Amino acid sequence: MHDHGKLLVRFLEAAQGGDLDALTSMLSQDVVAWNDGGGKVRAALRPVSGLAGVVAFISGLVRRYSFERARLVEANGRPAVWITVDGRAQLVTVDTRDGLIHDIYCVLNPDKLTHFHRVP
């Protein structure tokens, strides 16, 4: 697994474990979290911007929802995490810059996840 995948796994572990110090150390100051529910599932309607905002957003999600299963997959030729949160599947990818996570993309729209439902 290359550095991008390792960073993604560490990010997921820190988020699930509520380790805010570790989570914060992996994010750039101008990180943005993007969420795509497609109007079909509940998701943030606007991007969440900035280190403090993204950490608070993730922390709130972890406190509110159960994270049931996660596995590393490939999406668009890059590592991604297929995760079930509160019974709903989603795909999480990140973009990195200078060894830090700069963008977090969460696809929750079930219409956009049909390909991944077929992956064993």
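If you're wondering where the values come from, they're calculated on a predicted model, not measured in any experiment.
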Of all heavy-atom pairs between [X] and [Y], which one has the smallest distance, and what is that distance?
{"X": "Ala70", "Y": "Leu12", "value": "CB-CD2, 3.5 Å"}
{"X": "Leu7", "Y": "Leu100", "value": "CD2-C, 4.2 Å"}
{"X": "Val54", "Y": "Ala33", "value": "CG2-N, 4.0 Å"}
{"X": "Leu72", "Y": "Pro79", "value": "CD1-CB, 4.4 Å"}
{"X": "Thr93", "Y": "Ala75", "value": "CG2-CB, 4.4 Å"}

When rounded to the nearest 0.5 angstrom, what is the spacing between [atom1] in [X] and [atom2] in [Y]?
{"X": "Cys106", "Y": "Leu61", "atom1": "SG", "atom2": "CG", "value": "8.0 Å"}
{"X": "Gln29", "Y": "Leu51", "atom1": "CD", "atom2": "CG", "value": "5.0 Å"}
{"X": "Leu27", "Y": "Phe11", "atom1": "CG", "atom2": "CZ", "value": "6.0 Å"}

Worksheet item: Taking atom types as modelled, is there a side-chain donor on Asn35 or Tyr105 under 3.5 Å from an acceptor on the other?
Response: no

Can you tell me if [X] uses its side chain to pair, donor with acceptor, with the backbone of [Y] under 3.5 Å?
{"X": "Asn76", "Y": "Arg78", "value": "no"}
{"X": "Ser28", "Y": "Val31", "value": "yes"}
{"X": "Ser25", "Y": "Ala22", "value": "yes"}

Worksheet entry | Working for side chain to side chain contact (heavy atoms under 4.5 Å, CB included), residues Val85 and Gln90 | CA-CA 7 Å; Val85 179; Gln90 61 182 270; 3.6 Å; yes

Worksheet item: Does Arg46 have any side-chain hydrogen bond (donor to acceptor under 3.5 Å, both in side chains) partners at least two apart in sequence or in another chain, and if so, which?
Response: none

Report yes if some heavy atom in the side chain of [X] is under 4.5 Å from a heavy atom in the side chain of [Y]; otherwise report no.
{"X": "Ile58", "Y": "Ile104", "result": "yes"}
{"X": "His102", "Y": "Thr96", "result": "no"}
{"X": "Val48", "Y": "Val32", "result": "no"}
{"X": "Val55", "Y": "Leu20", "result": "yes"}

Discussion item. Between Trp34 and Ile101, is there shared hydrophobic-cluster membership here, with clusters defined by ILVMFWY side-chain heavy atoms closer than 4.5 Å?
Written reply: no

Discussion item. Working note: Arg63 + Ser59, criterion side-chain hydrogen bond (donor to acceptor under 3.5 Å, both in side chains); need CA distance, chi angles, decisive distance, verdict.
Written reply: CA-CA 6 Å; Arg63 280 193 310 272; Ser59 179; 2.7 Å; yes

Worksheet item: Do NZ/NE/NH1/NH2 and the carboxylate oxygens of Asp103 and Arg97 come within less than 4.0 Å?
Response: no

Discussion item. Please determine whether side chain to side chain contact (heavy atoms under 4.5 Å, CB included) holds for the pair Leu23 and Asp19, giving the CA-CA distance in whole Å, both sets of side-chain angles, and the decisive distance to 0.1 Å.
Written reply: CA-CA 6 Å; Leu23 184 65; Asp19 187 344; 6.0 Å; no

Item to complete: Step by step, work out the side chain to side chain contact (heavy atoms under 4.5 Å, CB included) result for Val81 and Leu8.
Response: CA-CA 8 Å; Val81 173; Leu8 186 58; 3.6 Å; yes

Worksheet item: Among all residues two or more places apart in sequence or in another chain, which pass the salt bridge (Lys or Arg N to Asp or Glu O under 4.0 Å) test with Asp36?
Response: Lys112

